[in-house]
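First up is the structure itself, then whatever we jot down about it.
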Amino acid sequence: GKTISRHRDAVATRKAILDAATLRFRQDSSDRVGLREIALDAGVDAALIVRYFGSKEGLLKECLASAMMPAIISRGRRSDFGENLMAVFFDPQSHDVELNSLKLLLRSAAVPALEPILKDVVHDRLMVPFIEWLGGEDAPIRAQLINLLAMGASLQPLVVGSGGLDDRDRARFRGLIAR
């Protein structure tokens with residue numbers, strides 16, 4: 001009855017706020033994004049954002065946490081993980097969600113006040129599940145190494161483009177990292 005309907009509306013409203021905020025935070029530095037603009041985009045009152053998320057920082061943390069869900073580890077077989085991960089960076093048109101999440105993370109990393117929030121989110125939502133998924137000996141070290149490679153692979157095209165590699169070398173490079 002009414003309780004289910006109210007719950008569904010609350011879930012839809014929360015999602016609309018998160019979607020609007022994620023888009024805004026991806027496009028601009030979080031210190032320049034206001035709750036009023038997010039509320040307008042989501043079609044809600046700004047007070048509702050505070051009620052659901054506590055503050056703009058709470059909303060940003062939830063946006064980051066949503067962006068950090070390590071969907072890549074649940075996709076396909078373990079043996080395909082490296083290739084699936086590299087596909088995110090080498091086939092950008094088919095991985096808009098992951099790349100948009102990366103943009104949000106990069107923008108957030110550029111704001112010193114967000115450093116503790118970002119570290120918490122990366123640890124709780126990315127590294128802990130990833131370490132558990134990897135399992136085995138030295139899982140935390142292997143997870144950090146893979147994270148480092150993935151960050152480098154994601155930034156490299158932005159900073160140096162193809163790095164002077166032709167298509168053949170680029171394919172070989174991708175294969176080496178995936179392995």
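Quick caveat, the model's predicted, so the values are computed rather than measured. Heavy-atom basis, side chains included; hydrogens, waters and symmetry copies ignored.
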Practice item. Kindly determine whether Asp80 and Arg77 satisfy salt bridge (charged side-chain N to carboxylate O under 4.0 Å, His left out), including the steps that lead there. Key: CA-CA 5 Å; Asp80 296 333; Arg77 297 182 316 234; 3.4 Å; yes
Practice item. Answer yes if Phe25 and Val50 sit in the same cluster of Ile, Leu, Val, Met, Phe, Trp and Tyr residues linked by side chain heavy atoms under 4.5 Å apart, and no otherwise. Key: yes
Check your understanding: Within the distance-only criterion (no hydrogens, no angle test), does the side chain of Lys61 pair as donor or acceptor with the backbone N or O of Lys56 below 3.5 angstrom?
Key -> no
**Study point:** Check: Leu18 and Lys15 side chains under 4.5 Å, non-hydrogen atoms
**Key:** no
Exercise for review: Please check if the side chain of Arg142 supplies one atom and the backbone of Gly135 the other of a donor-acceptor pair under 3.5 Å.
Suggested key: yes
Check your understanding: Is there a donor-acceptor contact under 3.5 Å from the side chain of Arg36 to the main chain of Asp45?
Key -> no
**Study point:** CD on Glu132 to CG on Leu134, rounded to 0.5 Å
**Key:** 10.5 Å
Check your understanding: Under 3.5 Å, is there a donor-acceptor pair between the side chain of Glu62 and the main chain of Leu59?
Key -> no
Review point. Which distance, rounded to the nearest 0.5 Å, do you find between the CG of Leu35 and the OG of Ser55?
Key: 8.0 Å
Check your understanding: Could you state the interatomic distance from CG (Leu60) to OG1 (Thr22), rounded to the nearest 0.5 Å?
Key -> 8.5 Å
Practice item. Heavy atoms only: give me the nearest Ala21-Cys63 pair and the separation to one decimal. Key: CB-SG, 3.6 Å
Check your understanding: Looking at CZ of Arg14 and CG of Leu48, how far apart are the two atoms once the value is rounded to the nearest 0.5 Å?
Key -> 10.5 Å
Point to revise | Transitive ILVMFWY side-chain link Leu23 to Ile49, under 4.5 Å | key: no
Review point. Which heavy atom of Ile17 sits nearest a heavy atom of Ile38, and at what distance?
Key: O-CG2, 4.0 Å
Exercise for review: For the residue pair Asn147 and Gln144, establish whether any side-chain heavy-atom pair is separated by less than 4.5 Å.
Suggested key: yes
Revision key, fill the gap. CD1 of Ile177 to CD1 of Ile146, rounded to nearest 0.5 Å, is 12.5 Å
Point to revise | Gap separating the CD1 atom of Ile131 from the CD1 atom of Ile141, nearest 0.5 angstrom | key: 10.0 Å
Practice item. Measure from the side-chain N and O atoms of Asp166 to the backbone N and O of Asp169, and report whether any donor-acceptor pair falls under 3.5 Å. Key: yes
